Each structure stands twice: as structure tokens, then as C-alpha cells.
Amino acid sequence: MERAASALIPQRSNGLRGVNFGEISEMLSVDLPGDYKELANCYPTLEFDDFLRVPLPTPGRERVFVEGVFRELEILRDIQEAGMAEEYVAHPEPGGLIPWSESLSGDVFYWRVFGADPDGWPVVVNSRNDEWWEFPGGAIAFLVGIMDGTIEMRGLPPRTPGLNPRVRVFTD
């Protein structure tokens, strides 16, 4: 990912940040994909080109992180009840979605939970234009694809963020 966003390099932690993913998994009743855990162990919350934010858990504040996930799941349930979620449902329903990223314009990015291997979960996009679509790769592949333009940005602004985006980090 640092090849697509070289501004990440000076932001990388010198060692593993020590996020307690066991605690997060217990609260969510599911493990998270390995690429996301790798990202969270290297960086705090990231924002790319003042558009895309990737909330990442802070060591010692895992509960606060999961509470944010639960708030987003409540919003998704409201979208479901309004009949605007197509066939998608919120976790923990079978095949449910778990939010992992968002744009500052109202787009939300989820994983669709299915199967025993979280590394096989696709990314689901809910654009602010109510367009829903899936990307068959993980979080990092999705982020890189958005930055380098190899993913069709249905319902999203074109090339935002772009290649070598500005990166802001947020720490607690």
C-alpha cells in the first residue's frame, strides 16, 4: 500500500502497535481480516486526500473502536428497515456487513461476512448515491485499487483519493 501512498511511510509505527484483536473479535463475535489487522498494527486512523477515512483501533481503546462499529451497524439496520440496503444485512445476521471505512462524503465500506476465513470476505461499497457493489478483494487491495485507478469507482468520485494521496493520521 505504501507504493500507492508513499506519504504513509513516515507514519508507519516503528514496531507493532499492540492492538488487542482478541478483544475486538470477542466483542464482534468474529475475527477480522488479516490485511486490516496488519494495517492497524502499523498505523493509527488514516485519512486520504481529505476524502477517505480508515478508522483503525487504538491499543487500549479497543472497546471504543467496537462501539463505533456498533453505531455504524445501527445506521445500517435503519437503512435495511427503510428498504434501501438491497439484499444486504447487518452483522451478526448470516452474510451480514461489518463497516471498516468511510468517506467524508457519506460513502461506507463494509466487509460481507461469510465463510470461516475472514481473508476471503469481499468489500461492499454503499455509495452516497445509494449504489451498492462488491469488490472481491480485501481492504488493502481495495484501497490500492481506488488510489491507482484499477477499480471502477461506481457511485464514487473518480480518482479520489488519487495516486500518492495526502495522508493525515489521527491519534488518541
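Just so it is clear, the model here is predicted, and its values are computed rather than measured. Sequence positions, counted from 1, serve as the residue numbers for this chain. All heavy atoms count here, side chains included; hydrogens, waters and symmetry mates do not.
E62 CD to L28 CG: the interatomic distance, rounded to the nearest 0.5 Å, is 11.5 Å. Atom CG of residue L104 and atom OG1 of residue T160 lie 11.5 Å apart, to the nearest 0.5 angstrom. The distance from the OG atom of S6 to the CG atom of N164 is 3.5 Å, given to the nearest 0.5 Å. Rounding to the nearest 0.5 Å gives a distance of 11.5 Å between CD of Q11 and CZ of R168. The CG atom of N126 lies 8.0 Å from the CG atom of L76; values are rounded to the nearest 0.5 Å. How far CG of L39 is from CG of L8: 7.5 Å, rounded to the nearest 0.5 Å.
In this structure, the side chain of D107 does not engage the main chain of E102 through any donor-acceptor pair within 3.5 Å. For D119 (side chain) and G34 (main-chain N/O), a donor-acceptor pair under 3.5 Å exists by modelled atom type. The closest donor-acceptor contact from the side chain of E26 to the backbone of I24 lies at 3.5 Å or more, if one exists at all.
Residues V66 and L73 share a hydrophobic cluster, clusters being chains of Ile/Leu/Val/Met/Phe/Trp/Tyr side chains in contact below 4.5 Å. Two different hydrophobic clusters hold V108 and F48 under the rule that ILVMFWY side chains link at heavy-atom gaps under 4.5 Å. Hydrophobic clustering (ILVMFWY, side-chain heavy atoms < 4.5 Å, transitive): F135 and M153 are in one cluster.
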T58/T171 under side-chain contact (heavy atoms from CB on, under 4.5 Å): CA gap, chis, key distance, verdict: CA-CA 8 Å; T58 299; T171 57; over 6 Å; no
Show your working on side-chain contact (heavy atoms from CB on, under 4.5 Å) between L97 and V113 and close with a plain yes or no. CA-CA 6 Å; L97 303 182; V113 178; over 6 Å; no
Pair V69-M27, side-chain contact (heavy atoms from CB on, under 4.5 Å): steps then yes or no: CA-CA 10 Å; V69 170; M27 287 186 278; over 6 Å; no
Test side-chain contact (heavy atoms from CB on, under 4.5 Å) on V125 and F109 and set out the steps. CA-CA 5 Å; V125 177; F109 309 95; 3.8 Å; yes
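Among residues at least two apart or in separate chains, ring pair (Phe, Tyr, Trp, His ring centres under 6.0 Å) pairs with a member in residues 53-106 are Y88-W132, W100-W111.
Heavy atoms only, all atoms of each residue included: D50 and R166 are closest at OD2-NH2, 2.9 Å.
Side-chain contact between P157 and R128: present, with at least one pair of heavy atoms (C-beta onward) separated by less than 4.5 Å. For the pair L52 and S101, the minimum side-chain heavy-atom distance is below 4.5 Å. Under the 4.5 Å side-chain criterion, counting only non-hydrogen atoms from C-beta, P55 is not in contact with F170. Inter-residue side-chain proximity for S25 and D31 is flagged as met; some heavy-atom pair is nearer than 4.5 Å. Side-chain contact between M1 and E38 is absent, with no heavy-atom pair separated by less than 4.5 Å.
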Exercise answer: donor-acceptor pairs, residues 12-22 side-chain atoms, under 3.5 Å, sequence neighbours excluded:
unit_1	atom_1	unit_2	atom_2	d
R12	NE	E2	OE2	2.7
R12	NH2	E2	OE1	2.5
R12	NH2	E2	OE2	3.1
S13	OG	G15	N	3.4
S13	OG	G15	O	2.6
R17	NH1	A40	O	2.7
R17	NH1	Y43	O	2.7
R17	NH1	P57	O	3.2
N20	OD1	G22	N	3.1
N20	OD1	E23	N	2.9

Show me the donor-acceptor pairs within less than 3.5 Å that the side chains of residues 136-152 make with the rest of the protein, sequence neighbours left out.
unit_1	atom_1	unit_2	atom_2	d
D148	OD1	T150	N	2.9
D148	OD1	T150	OG1	2.7

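A salt bridge links E74 to R77: at least one charged side-chain nitrogen sits closer than 4.0 Å to a carboxylate oxygen.
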